Amino acid sequence: MANVSLPHDAKAGPTKPEVRAVLLDKLDLGPTDHFAEVGSCTGAVTIEAARRAGRVTALERKPNRIETTRKNLAANEVTADVDLREAEAPEGLPEDADVLFLGGSRNYEAVLDRAVETGVGRVVMNVSRLEVAGAAAEAFRERNLLEEVVQFQVSHGYELAGATGFDSENPVYMLVGGTDDVAADDRERRSGPQTARRPDGRGR
Ligand SMILES: C[S@@+](CC[C@H](N)C(=O)[O-])C[C@H]1O[C@@H](n2cnc3c(N)ncnc32)[C@H](O)[C@@H]1O
């Protein structure tokens with residue numbers, strides 16, 4: 001993966017590189033895709049998306065953070081047309097997005113409603129708080145958007161008394177779905193269906 005340079009900081013983010021790697025696999029962006037992002041913040045995801053999609057529309061509600069996105073974007077090489085909007089979604093969302101990423105959770109139900117109305121093919125949301133993850137999974141299900149829930153945690157090794165200890169990052173809940181049946185079929189073929197049950201059939 002090409003490096004992302006983030007010389008400018010924001011109070012939240014950036015989405016960590018390992019999380020971005022999984023996210024990019026789920027977003028499955030191609031050169032004809034219009035990617036929309038809610039909560040661009042440091043721009044780490046915006047930059048990665050702008051190297052893969054044809055167009056990017058990135059929204060951020062906080063003026064200082066959209067400025068951070070802008071500066072970090074300028075410090076990196078990207079190929080897409082990028083439109084940065086200071087807006088609180090669902091305000092400012094484009095009508096013709098193919099892929100939507102919610103990195104920020106404010107108004108997420110209204111954002112998902114808009115995704116359904118405008119027929120966004122793939123929708124992915126990252127959540128770090130347990131209660132928000134549960135409510136958001138329910139909101140995806142109610143709108144018939146949910147295909148997969150992925151939960152993972154990254155730990156980084158560090159030198160500990162001549163051996164290796166680990167520092168753990170917060171777990172991430174990634175909700176993956178969309179309105180695009182073809183894309184869903186493709187993903188299912190590649191990675192198997194969402195398992196509501198454990199392979200041993202015990203359903204936990
Ligand atoms: C966890 S940060 C996202 C980090 C980002 N992916 C990165 O790599 O820097 C969440 C961001 O979403 C923004 N946000 C939350 N809800 C939003 C909404 N409805 N519209 C626009 N921005 C939103 C917050 O201001 C915050 O900057």
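In listed order, ligands and their atoms are each counted from 1. What you see is a predicted model; the values in this text were computed from it and never measured. Computed from heavy atoms alone, side chains included, the values below leave out hydrogens, waters and symmetry copies.
Checked options Asp96, Asp33, Asp81; the residue passing with Arg55 is Asp96 (criterion: salt bridge (charged side-chain N to carboxylate O under 4.0 Å, His left out)).
At the top of the distance list for atom 10 (C) of ligand 1, counting protein heavy atoms only, stands Gly103 O, 3.5 Å. Closest protein heavy atom to atom 8 (O) of ligand 1: Thr15 N, 2.8 Å. Atom 27 (O) of ligand 1 has as its closest protein heavy atom Glu60 OE1, 2.8 Å. Nearest non-hydrogen protein atom to atom 4 (C) of ligand 1 is Cys41 CB, 3.7 Å. Among protein heavy atoms, atom 20 (N) of ligand 1 sits closest to Ala89 N, 2.9 Å. The shortest contact between atom 22 (N) of ligand 1 and any protein heavy atom is with Arg61 N, 3.2 Å.
Which parts of ligand 1 touch Val45 is read off a 4.0 Å heavy-atom cut-off, strictly below it: atoms 6 (N). Near Ser40, the atoms of ligand 1 lying under 4.0 angstrom from a non-hydrogen atom of the residue are 5 (C), 7 (C), 9 (O). Taking every non-hydrogen atom of Ala44 and a distance limit under 4.0 Å, the qualifying atoms of ligand 1 come out as 8 (O).
In terms of N/O distances under 3.5 Å, ligand 1 is not approached by Lys62.
Using a 4.0 Å cut-off between heavy atoms, Ala87 contacts ligand 1 through its backbone alone, with no side-chain atom that close.
Residue Thr42 comes nearest to Ala12 through the heavy atom pair CG2-O, 3.6 Å, listed as atom of the first residue, atom of the second, then distance. Listed here is the closest heavy atom pair of Ala133 and Val127: N-CG1, 3.5 Å. Nearest heavy atom pair, residue Glu60 against residue Cys41, reads OE1-N, 3.0 Å. In this structure, Asn107 and Ala89 approach most closely via the heavy-atom pair ND2-O, 2.7 Å.
For Arg122 (side chain) and Asp28 (main-chain N/O), a donor-acceptor pair under 3.5 Å exists by modelled atom type. Here the side chain of Arg143 pairs a donor or acceptor atom with the backbone of Ala139 at under 3.5 angstrom.
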Kindly indicate, with the supporting measurements, whether the criterion side chain to side chain contact (heavy atoms under 4.5 Å, CB included) is fulfilled by Arg61 and Glu86. CA-CA 6 Å; Arg61 58 186 286 272; Glu86 184 193 324; over 6 Å; no
